[in-house]
Enquirer: 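Handing you a structure now.
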Amino acid sequence: MKNIIREGNPTLRARAKTLAFPLTDKQRELGKKLMEFLENSQDPKLAKKYQLRAGVGLAAPQVDQSIRMTAVLVPDENNQPIFKHILINPTIISESVRMAALAEGEGCLSVDRDVPGYVPRHQKITLRWYDLDGQRHLDKLRNYPAIVCQHEIDHLNGVLFFDHINQKDPFYQDDNLVLIG
Ligand code: NB4
Ligand code: NI
């Protein structure tokens with residue numbers, strides 16, 4: 001998984017294709033590789049050895065596969081996973097009006113520069129997704145895991161985090177925006 005494509009590559013701006021079930025063996029393998037990358041990137045020793053930037057999510061378009069698949073590995077403060085799944089065809093079926101943003105802003109493994117500013121996202125979402133076996137799942141997420149999933153679903157739609165940053169005032173915080181972390 002050393003082939004993460006960067007900003008400027010048109011795949012990152014494309015709408016990724018919906019997957020059909022059953023998945024092919026290659027597609028299943030890719031899902032597992034995305035998750036394996038996240039696990040390795042969060043292991044300090046392996047990350048150092050392989051020179052990996054840490055990630056809590058990785059979407060298939062970031063490895064130049066324009067399909068609706070993403071892995072998410074969100075740990076808590078004790079490094080226990082609070083949301084760890086390979087998501088196929090994830091869809092947000094409802095979202096809060098209230099918005100949330102990471103106080104530190106966001107970074108992206110496909111963007112090699114710092115883009116400061118708040119990235120407003122829905123504070124709560126209801127997510128429908130399928131696992132590698134085609135089983136349907138519904139999850140209500142809030143705050144950190146909800147933000148990560150929205151960043152990843154954006155990748156499936158050709159959207160990058162800085163698209164959401166207020167150009168004139170990157171740290172503008174309206175009354176509806178809560179900061180996290
Ligand atoms: C996706 C995230 C950017 C903002 C918030 C955060 C990190 C990414 C990009 C929302 C989603 C990857 C995928 C981190 C990180 C906290 C947890 C556990 C132990 C280190 C790790 C560091 F690395 N973003 N990087 N960026 N992307 N938190 N953490 N920690 O994950 O581009 O599309 O290991
Ligand atoms: Ni990203």
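Here the structure is a predicted model, which is why all the values come from computation and not from measurement. Atoms within each ligand, like the ligands themselves, are counted from 1 in listed order. Numbering of residues begins at 1 and proceeds along the displayed sequence.
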Enquirer: How far apart are the C-alpha atoms of H122 and Q150, what are their side-chain angles, what is the distance that settles it, and do they pass the side chain to side chain donor-acceptor pair (under 3.5 Å) test?
Expert: CA-CA 8 Å; H122 299 285; Q150 287 170 82; 4.7 Å; no
Enquirer: Given P90, which of D139, V72, L156 fulfils the side-chain contact (heavy atoms from CB on, under 4.5 Å) condition?
Expert: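 Among the candidates, only L156 passes.
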Enquirer: When you compare the side chain of R53 with that of S41, does any pair of heavy atoms fall below 4.5 Å?
Expert: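 No, their side chains stay 4.5 Å or more apart.
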Enquirer: Check for me: within less than 2.8 Å of the Ni ion (ligand 2), which protein N/O/S atoms show up?
Expert: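 Atoms qualifying: C108 SG, H151 NE2, H155 NE2.
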Enquirer: Among L127, L87, I125, exactly one meets side-chain contact (heavy atoms from CB on, under 4.5 Å) together with I153. Which residue is that?
Expert: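 Of L127, L87, I125, side-chain contact (heavy atoms from CB on, under 4.5 Å) with I153 is met by L127 alone.
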Enquirer: Is there a path of hydrophobic side-chain contacts, each under 4.5 Å between heavy atoms of I, L, V, M, F, W or Y residues, that connects I86 with V148?
Expert: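 Different clusters.
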Enquirer: When you look for protein heavy atoms under 4.0 Å from ligand 1, which residues do they belong to?
Expert: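 These residues qualify: Q42, A54, G55, V56, G57, Q62, P75, N79, L102, E106, G107, C108, L109, Y144, V148, H151, E152, H155.
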Enquirer: Can you classify the ring geometry of W129 versus H137 as parallel (below 30°), tilted (30 to 60°) or perpendicular (above 60°)?
Expert: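 It falls in the parallel class, under 30°.
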Enquirer: Using a 6.0 Å cut-off, check whether atom CG of D25 has over 12 heavy atoms from anything other than its own residue.
Expert: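 At most 12 heavy atoms, drawn from other residues, nucleotides or ligands, come within 6.0 Å of this atom.
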Enquirer: Are H164 and F162 close enough that their ring centers fall under 6.0 Å?
Expert: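 Between F162 and H164, which both carry aromatic rings, the centre distance is not below 6.0 Å.
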Enquirer: Applying side-chain contact (heavy atoms from CB on, under 4.5 Å) between S110 and each of N9, L12, L58, report the one that passes.
Expert: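 Testing each of N9, L12, L58 against S110, the sole residue satisfying side-chain contact (heavy atoms from CB on, under 4.5 Å) is L12.
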